[in-house]
Amino acid sequence: MRDYPIPENELQRLAALKRYNILDTLPDNAFDDATKLVSYICGVPIAHISFIDETRQWFKSEIGVGVSEVPREISFCNYTILDTKMVEINDTHLNDTFKDDPNVTGGFNVRFYAGVPLTTPDGYNIGTLCAVDHVVKELDDNQRNALSIVAKHVMAQLELGTKNYELYTQRQIAERAVLAKDNFLANMSHEIRTPLNAIIGFTDLLAQTDLDDVQQDYIDSVQVAGENLLIIINDILDLSKIESGNLTIESEPFNLKRTLKHVYNLLKVKVHKDVEFNLYLDADMPDNVIGDQGRLNQILVNLVGNSLKFTQEGEVTVSVKKVEESDDKYKLRFSVKDTGIGIPKNKLKTIFERFTQGEESTTRTFGGTGLGLNIVKQLVELHKGEIHVKSELNRGSEFFFFLTYKKAATPKTTVKSISKNDLGSLKILLCEDNALNQKLVKSVIENFGFELDTASNGDEGIELLSQNKYDLVLMDLQMPVKDGYQTTDYIRNQMNSSVPIIAMTAHSLVGEQERCYKEGMNGYVPKPFKQSVLLKAIKAAMTEDFTIEKKRRIDFSFLDEMACGDEQFKKEMIHLFLEKIPNQVAELEEAFKNNNHDSVKKLAHNMKSSLDIFMLEDLSKCASIIEEEASMNQFSTEILDKINYLSCGIAEVVKILKEL
């Protein structure tokens, strides 16, 4: 190893280089174009833009080099970064410093070298812009001037990238705060979902017994109330699902008029004694449509609930009118109008923002979180609809929105029994610690005609599995002693059992389902569950050719924009992702186990740019959180979940990309 000069300001120079976050980043068209320009201007076969850290010269862009980095000790550019102007060596054979260099006598066969230092605004040379040839050469003044201009352009690109990164970092900090809040709300919703699961489940069982008309009416009301309560609870989960692109609009036939009357009947109890509550339905409005009944319920419960809450006298009117009809679709206008407190003009533009209400005193007087209208707007837009508001302070408000539904045939009368068992006799093991849920699942499973044993934690479940033969396991994820993940891991890897396992959980965090599949489970049923949904999951898990439905969609719009119609470039980027990212995930997991903060930080940072190219915002957020924690040289208990989520999400993305 030969000696090479070190700049006097080396520590400050390295700090300046680090500030740009350029090392080990993916190819960039702006830098590649600059390299091509240098090769053309100077007429040379070798050109590159490179950066020099403690141990290496790393090439951001190169022509004719063929490698991504070389050891610093064999770099010509070690001398260029010592200077303030271009270094030009017309004939290396006549240069005392380089004539015996291995890349002059062999290697790259460098005979001519011209390098311009890449100098930061505060005066540090962090890299070089170079032109290299195999023959003796001398540049003219125009070529030298052009190289200097290109070098300034490269630095301008770096500065722009730094500014964008600073903005991106600030956005990530804000998003992390939102994500932390969403996770907290999701955990709170788990505590509410658990008893609600029992209420809805036992009500469904009761509805299948012989009831008189009055009892049936009461049960219908309880079911509607329970389902709408569940929808309201799900508001807090929907925030994170909408932002991560994981919330989808269903497309199923439903009775529109009955849905509207259900919402009206549900909210009648909230009407103030001095308020008249009306529901007007257009005579031409269709009875049945195809769409998402639950999300329409959610929108209307929020809007009508708000109007009733903010109206002390006068009237609240819900009206629905058909405004357009084609061969296969209806366009409907929904309106919720009141004579309530109204909204100030200066608040109308922000009323749909999260945690925003018309006045600061509104929360103190009427309560509420300010989440409802934000979710309503996003749900309407997910339907490809639009929502508007008209209001006058102390005179009232009207919220109106337009939705388009497909036409539906008149549905057949449904039979009371919602489940049919054609699987024969099954012996099932339930791992569940909540006594109410144990009783509910036992009633449902026996109603299917199956046999059920119950374990209160993972260890008890493993003990029963070792003593008996079961056809299927229903696995709660949150249990004492051993949770659902640990129990599944033991069943798969210690017991070497392939018994089908279905996850059942009220803890519906984004990414939970993907993690369940990665851990070796065969199905996933969120609580509160519908009996038909549970039976469908059991049937799917018992089918040998059962396949997991893909939920994630990959957005290629940014990659398509980068490719500019070049399909080969797009394929190469996908190949690069498949080649590098899974290995980086494995390295990240290993570094985390070894408590290596520096490696975790570097790997998480490197992965973000790749994830952003494929518009994987939820995974990029996770990587940002991991990087930030690693920067503080500490890992919270939350980070293991983030790494698991990142790993599961990338595994899913890799699977989808490989199938393209």
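Start at 1 with the first residue, then count along the sequence.
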pair Ile63-Pro45: side-chain heavy atoms closer than 4.5 Å: no
Mind listing the closest non-hydrogen atom pair of Leu147 and Val116 along with its distance? CB-CG2, 4.0 Å
Nearest 0.5 Å, what's the CD1-CG distance between Ile46 and Asn109? 8.5 Å
Looking at every non-hydrogen atom in both residues, tell me the closest pair between Ala30 and Asp28 and how far apart they are. N-OD1, 2.9 Å
Determine whether Tyr79 and Thr97 satisfy the following criterion, side chain to side chain contact (heavy atoms under 4.5 Å, CB included), listing intermediate values before the conclusion. CA-CA 10 Å; Tyr79 295 86; Thr97 303; 3.7 Å; yes
Thinking salt bridges, do Asp122 and Arg19 make one under a 4.0 Å N-O criterion? yes
Is the CD atom of Gln494 crowded by more than 12 outside heavy atoms at less than 6.0 Å? yes
Verify, without hydrogens or angle tests, whether Glu589 (side chain) and Ala586 (backbone) share a donor-acceptor contact under 3.5 angstrom. no
Is there side-chain contact between Val110 and Asp101, with at least one heavy-atom pair below 4.5 Å? no
If you measure only the distance, is there a donor-acceptor pair under 3.5 Å linking the side chains of Glu587 and Asn583? no
Inter-residue atom distance Ile52.CD1 - Ser50.OG, 0.5 Å rounding: 5.5 Å
Given 3.5 Å as the limit, does a donor-acceptor pair link the side chain of Asn9 with the main chain of Gln12, or not? no
Main chain of Asp489, side chain of Asn493: is a donor-acceptor contact present, judged purely on distance under 3.5 Å? yes
Parallel, tilted or perpendicular: which describes the rings of Phe59 and His48, with under 30° parallel and over 60° perpendicular? perpendicular
Residue pair Ile22 / Leu17, side-chain heavy-atom distance below 4.5 Å: yes
Phe614 vs Phe577, ring pair (Phe, Tyr, Trp, His ring centres under 6.0 Å): CA-CA, chis, key distance, verdict: CA-CA 9 Å; Phe614 290 87; Phe577 184 96; 4.8 Å; yes
Nearest non-hydrogen partners of Gly127 and Ile81, listed with the distance: O-CG2, 4.0 Å
I want to check something: taking the side chain as every heavy atom from C-beta on, are Leu118 and Ile49 in contact at a cut-off of under 4.5 Å? yes
Short N-O contact, Glu652 and Lys655, less than 4.0 angstrom: no
Does any non-hydrogen side-chain atom of Glu381 lie less than 4.5 Å from one of Glu386? no
Taking Ile41's backbone N and O only, do any of them form a donor-acceptor pair with Gln143's side chain (distance below 3.5 Å, no angle check)? yes
Please give me the minimum heavy-atom distance between Pro27 and Asp32, naming the atom from each residue. CB-OD2, 4.3 Å
For a quick check under 3.5 Å, do Tyr113 and Thr80 share a side-chain donor-acceptor pair by atom type? yes
Measure from the side-chain N and O atoms of Glu88 to the backbone N and O of Leu139, and report whether any donor-acceptor pair falls under 3.5 Å. yes
About how many Å separate CG of Asp292 and CG of Leu379, when rounded to the nearest 0.5 Å? 8.5 Å
What I'd like to find out is whether the side chain of Tyr124 reaches to under 4.5 Å of the side chain of Leu14, using heavy atoms alone. no
Given 3.5 Å as the limit, does a donor-acceptor pair link the side chain of Arg492 with the main chain of Gly520, or not? yes
Go through the steps for Asp24 and His605 under the test side chain to side chain contact (heavy atoms under 4.5 Å, CB included), then give the verdict. CA-CA 10 Å; Asp24 299 307; His605 177 74; over 6 Å; no
Side-chain ion pair, Asp598 and Lys601, N-O less than 4.0 Å: no
Phe76 ring center within less than 6.0 Å of Phe98 ring center: yes
Is there a donor-acceptor contact under 3.5 Å from the side chain of Lys60 to the main chain of Leu26? yes
For a quick test of reading the model, state the closest non-hydrogen atom pair linking Phe31 to Ser61 and the distance between them. O-OG, 3.5 Å
Atom pair CG (Leu646) and NZ (Lys621), whose distance is rounded to the nearest 0.5 Å: 14.0 Å
Working to the nearest 0.5 angstrom, can you tell me the gap between Leu657 CG and Ile574 CD1? 5.5 Å
I'd like to know whether Gln584 forms a side chain to side chain contact (heavy atoms under 4.5 Å, CB included) with Ile581, so could you lay out the CA-CA distance, the side-chain angles of the two residues, the decisive distance to 0.1 Å, and finally the verdict. CA-CA 5 Å; Gln584 290 181 345; Ile581 293 297; 3.4 Å; yes
In plain terms, say whether Glu10 and Arg72 are close enough for a salt bridge, that is, a side-chain N and a carboxylate O under 4.0 Å apart. yes
For the backbone of Cys77 and the side chain of Ser75, can you confirm whether one donor and one acceptor N or O come within less than 3.5 Å of each other? yes
Under 4.0 Å between a Lys/Arg side-chain N and an Asp/Glu carboxylate O for Arg295 and Glu250? no
Find the distance between OG (Ser39) and CD (Glu62) and round it off to the nearest 0.5 Å. 11.0 Å
Any ion pair linking Glu567 and Lys571 (charged N to carboxylate O, less than 4.0 Å)? no
If the threshold is 4.0 Å, N to carboxylate O, is there a salt bridge linking Asp96 and Lys99? yes
Evaluate Met573 against Leu559 for side chain to side chain contact (heavy atoms under 4.5 Å, CB included), listing each step before the verdict. CA-CA 8 Å; Met573 292 298 287; Leu559 183 57; 3.8 Å; yes
Minimal non-hydrogen separation, Met155 against Pro121, with atom names: CE-CD, 4.5 Å
Just by modelled atom types, is the Leu616 backbone N or O under 3.5 Å from a matching donor or acceptor in the Ser620 side chain? no
Taking atom NZ as the centre, does Lys377 end up with more than 12 heavy-atom neighbours from other residues, nucleotides or ligands that are less than 6.0 angstrom away? no
So, the side chain of Asn374 versus the backbone of Phe352: is there a donor-acceptor pair under 3.5 Å, distance only? yes
Heavy-atom distance under 4.5 Å between the side chains of Leu158 and Ile126, does that happen here? yes
Heavy-atom distance under 4.5 Å between the side chains of Pro117 and Thr84, does that happen here? no
